[in-house]
A.B. asks: 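Structure below; questions to follow.
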Amino acid sequence: MSDYRKESFLALLEGKMTRKRGKHLEDASDKDLYYVISSIVKDEITPKWLKTQEKYQENKTKQVYYISMEFLIGRLLQSNLLNCGMLDICNEVLKDIGRNPEEIYKHEHDAALGNGGLGRLAACFLDSIASLKYAGQGSGIRYRYGLFEQRIIHGNQIELPDYWLKEEYPWETRKADEAIEVRFGGKINMHKKLNGDFEFSYEDQDKVMAVPYDVPVIGYQNEVVNTLRLWSAEVTEDESKLMSDPSSQYYHHLDHSHSIEQISGFLYPDDSSFEGKELRLKQQYFLVSATIQGILKNFKATHDISLAHLSEKVVIQINDTHPSLAVPELMRILMDDENFSWDEAWKVTASVIAYTNHTTLSEALEKWPTSMIQKLLPRIYMIINEINERFCKGIWFDHPDLRDKIPELAVIADDQIHMARLAIVGSFSVNGVARLHTEILKNKEMKYFYKLYPNRFNNKTNGITHRRWLLQVNPCLSETITEAIGPKWIQEPNKLIGLLRYSNDAPFLEKVGKVKKQNKETLAKLILNQTGIKVDESSIFDVQIKRLHEYKRQLLNIFHVIYLYNELKENPSLDITPRTFIFAAKAAPSYHLAKEVIKLIHHVAATVNYDKQINSKLKVIFLENYNVSLAEKIIPAADISEQISTASKEASGTGNMKMMMNGALTLGTLDGANIEIKDLVGDNNIFIFGLTSDQVHDYYQYGGYVAKDIYHTDDRVKRILDQLNSGEFGHQEIEFKDIFYNIMYHNDPYFVLKDFDPYIESHELVERSYRDKNTWQRMSVTNIAYSGKFSSDRTIKEYASEIWKL
Ligand code: 26V
């Protein structure tokens, strides 16, 4: 690092500290430093931000708009410093003046504007779009409250509100002059024009202002700065005036302004089951209407061609069905405001919108009651109706073979609007997020649509940004990699494959092993700090971190722990490799069974961790309030990555990719992207077990699985299930009847018992492999070497060339 650059960074720091915070550097708190460094970054990137946008305008660049109800961005300071090439300098200067960078970065509140994988994927995509110099924008909602904060009290999850905007958020810029009016409800008037067409006008609508807050998205050392635009719901200026005018009937109408602000009030914390809540529908339309209006305004300001050519300059990717009202909204504006005929408007709409599916779980599929849409969005309802009628007629006349499938295909059926069907019909591309998932869409869940539109379906296997998830979170591993193969992998993550040459190089393996050990020590400190429990740093760190869902089967994991505990109790001198099981997971607030599993993990932990007899061999850790920042600390320290969903249920998974990239070995089912990991690293560098997706499918379709039979024939299983009922874990009075009942009397819907035995066997193989340090390190390095494929840069290049045509 040149002294000159360090000196000038220090000078900036000192200057800004006095100007912005009125303090000398020596007196600055960590928080002062956080704000001042953020401001330095913002100063650095603002000219680039303007320039990037001007260039797009000047060159009339085609733009992709990524619309998502969720962007799980986490903290930004460190990754922004990294991307603008200032991270090393900043760290060094801070250390020079006796400060700890970590302590400073910690002051940023996570932006938790998402639930899990789908929201984090959106954040990784933005990073890759900018880093690959594509012209792209994210569009989302600026929720005042992000995903709840989780506290655990006596094993029970308690949810606290996440008021992340309590203090200034340094990355956002409010753009009041670019606010857009969004309208709900009202009366629709129809007039017949001279040419026989109908014309529509609206009356008595409720108006809401969508005010954009722009967050910069900085490309990796490439001068590009894109935008994430987050919309906030506010009262319109007119109404605001009326409400502060004592002579007006609206004076102090606080209820009204409250109900409007509620639209961007909070993120819905349930990603497991669809609930037709009106406020959620309002959020969706609010996001979509503001975004589409903004897109068209920008198009008109930039291009002098007709909106009929929109698809040459704009593509809209919708993240799951949540923004699928984009279809009727674009139709509405083109027809009612721009005088397009139906056919003209349809041609534009269906060539601009592309849809990504992220789940096949039927509980999560969005279906809105027609009555709700009709009341809240009467004109949108009319348009959806027309889309449905034309679509059904089309099948009737052009695809007689599918006539009897119309009830399964219709956009409106049983007084419900099926959003996935709307999204498929109204888009030019439908993609799944891993190979198996896309095959399931094509051949099972959406097979008749696939028959109708075979060219529309395509796969885009997910990815993660290696800049955050390797370079930033695991600097020592990154350095070790660079020492071996040079720095080119940072720009081209596929170059990580060069590590294969070192997979038998003892000194290199040793270095990688050392880094893992350090990372485990760091995590052990965090665990001690947060839980008071001291874990064995040489034990296997076996990690399952993700939302709590039945299909993700945290239950199977904890059953294995109970099994090990039972074995050790029976034979305390059993020679097993010490293990630390690490869990972190939030359950949706209304998901009872998921909360029971959290409680069970805690009670097993309480029993195991304090049992003197086996103490040194087993530890169970649950880290509360799982979020992006916590993931960043756990992932570099993982030895085993648990990816044990019931086959066919996990569309892709992305935690699997993050852990692989940090040298953990996957213990998983043939589900989601695990399959693609296995195909790359080979059977010897991964631990695969359990039912296949086809077997699971066949059991659902034809029956033949009886969970009770396993209970009655496998003593290990019977013992565990009986322990749930006996109150053995935790306090005597705590029982886990609902979990027991679900397995025994709902026939174990996620095949926990069926996969139990192969899971145990797989764990035994893990244990044996770990004993041979050299083999383990080789496997670990092989995983890192192949992980380049899972950089979201690869994913985004595929989207850009095959869907977006940028
Ligand atoms: C679903 C719902 C359902 C009802 C209302 C609110 C709400 C909010 C979010 C969701 C998301 C469910 C879909 C989802 O998160 N899928 C995950 O997407 C990841 C990225 O593609 C993928 O890696 C995971 O396997 C998949 O479960």
Side-chain angles (χ1 to χ4, degrees), residues 1-54 73-111 126-127 130-131 142 163-176 212-230 467-468 471-473 475 628-629 632:
M1 195 76 52
S2 79
D3 286 346
Y4 169 73
R5 284 191 68 198
K6 272 168 68 172
E7 272 163 31
S8 56
F9 190 86
L10 182 61
L12 268 178
L13 212 53
E14 281 169 332
K16 262 210 188 275
M17 189 59 74
T18 40
R19 268 178 284 125
K20 288 242 160 189
R21 312 288 290 188
K23 284 186 185 176
H24 291 301
L25 206 46
E26 308 85 84
D27 306 323
S29 67
D30 286 341
K31 188 186 282 175
D32 290 325
L33 277 161
Y34 163 68
Y35 277 108
V36 166
I37 298 168
S38 303
S39 155
I40 292 174
V41 172
K42 228 175 158 188
D43 284 353
E44 166 78 16
I45 56 134
T46 300
K48 298 178 186 168
W49 199 1
L50 290 172
K51 205 162 174 192
T52 303
Q53 303 310 315
E54 281 160 16
I73 47 194
R75 293 185 181 136
L76 283 181
L77 178 51
Q78 225 181 327
S79 73
N80 282 349
L81 281 165
L82 175 71
N83 284 11
C84 58
M86 292 161 72
L87 183 60
D88 289 342
I89 289 215
C90 179
N91 284 343
E92 284 193 26
V93 169
L94 288 172
K95 284 180 197 151
D96 287 353
I97 61 171
R99 311 296 294 241
N100 178 355
E102 292 268 317
E103 292 299 316
I104 290 160
Y105 304 143
K106 243 172 41 188
H107 277 272
E108 180 163 353
H109 199 111
D110 268 45
L126 294 184
D127 184 83
S131 296
R142 181 180 180 269
Y163 189 32
W164 69 294
L165 292 168
K166 200 161 36 200
E167 291 177 86
E168 183 201 340
Y169 185 57
W171 305 114
E172 64 181 10
T173 309
R174 180 184 162 96
K175 297 276 174 73
Y213 285 71
D214 286 353
V215 177
V217 181
I218 306 171
Y220 183 73
Q221 300 179 11
N222 67 359
E223 305 295 304
V224 170
V225 182
N226 286 336
T227 304
L228 166 59
R229 176 157 277 200
L230 298 174
R467 288 167 288 275
R468 178 182 289 258
L471 207 49
Q472 180 193 320
V473 307
V628 173
S629 293
E632 290 173 2

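Since the structure is predicted, the reported quantities are computational estimates derived from the model, not experimental observations.
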A.B. asks: Side chains of Asn100 and Tyr105: do they bring a donor and an acceptor to under 3.5 Å?
C.D. replies: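 Not at all, the side chains of Asn100 and Tyr105 share no donor-acceptor pair under 3.5 Å.
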A.B. asks: Return yes if some donor-acceptor pair links the side-chain N/O of Ser39 with the main-chain N/O of Tyr35 below 3.5 Å, else return no.
C.D. replies: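 Judged by distance alone, no pair lies under 3.5 Å.
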A.B. asks: Take Lys23 and Asp32 through the test salt bridge (Lys or Arg N to Asp or Glu O under 4.0 Å) and record every step on the way to the result.
C.D. replies: CA-CA 9 Å; Lys23 284 186 185 176; Asp32 290 325; 2.6 Å; yes
A.B. asks: Run the salt-bridge test on Asp30 and Arg99 with the 4.0 Å N-O cut-off and return the result as yes or no.
C.D. replies: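 Here Asp30 pairs with Arg99 in a salt bridge, since their nearest N and O are under 4.0 Å apart.
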A.B. asks: Do the charged groups of Glu632 and Arg75 touch, with an N to O distance under 4.0 Å?
C.D. replies: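 Salt bridge between Glu632 and Arg75, a charged N being under 4.0 Å from a carboxylate O: no.
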A.B. asks: Taking only residues two or more places apart in sequence or in another chain, which ones pass side-chain hydrogen bond (donor to acceptor under 3.5 Å, both in side chains) with Glu103?
C.D. replies: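 If we apply the side-chain hydrogen bond (donor to acceptor under 3.5 Å, both in side chains) test to Glu103, skipping adjacent residues, the hits are Lys106.
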A.B. asks: Apply side chain to side chain contact (heavy atoms under 4.5 Å, CB included) to residues Lys175 and Tyr213 and explain how you reach the verdict.
C.D. replies: CA-CA 6 Å; Lys175 297 276 174 73; Tyr213 285 71; over 6 Å; no
A.B. asks: Apply side chain to side chain contact (heavy atoms under 4.5 Å, CB included) to the pair Gln53 and Thr227, showing each step before the final yes or no.
C.D. replies: CA-CA 9 Å; Gln53 303 310 315; Thr227 304; 3.6 Å; yes
A.B. asks: Hydrogens and angles aside, do Ser79 and Arg467 bring a side-chain donor and acceptor to less than 3.5 Å of each other?
C.D. replies: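 On atom types as modelled, these side chains do not qualify, holding no pair under 3.5 Å.
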A.B. asks: Looking at every non-hydrogen atom in both residues, tell me the closest pair between Leu77 and Tyr34 and how far apart they are.
C.D. replies: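 So the two residues come closest at CD2-CD1, 3.5 Å.
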A.B. asks: What I want to find out is whether Asp43 reaches Lys16 closely enough, with some N-O distance under 4.0 Å, to be called a salt bridge.
C.D. replies: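 Yes, charged N to carboxylate O under 4.0 Å.
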A.B. asks: Taking 4.0 angstrom as the limit, do Lys51 and Glu223 come out as a salt bridge?
C.D. replies: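 No, no charged N to carboxylate O under 4.0 Å.
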A.B. asks: With a 3.5 Å distance limit and no angle check, can you tell me whether Tyr220 reaches the backbone of Ala130 through a side-chain donor-acceptor pair?
C.D. replies: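 Judged by distance alone, no pair lies under 3.5 Å.
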A.B. asks: Starting at CD of Glu44, measure out to CD1 of Ile218 and round the result to the nearest 0.5 Å.
C.D. replies: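 Rounded to the nearest 0.5 Å, the CD-CD1 separation comes to 9.0 Å.
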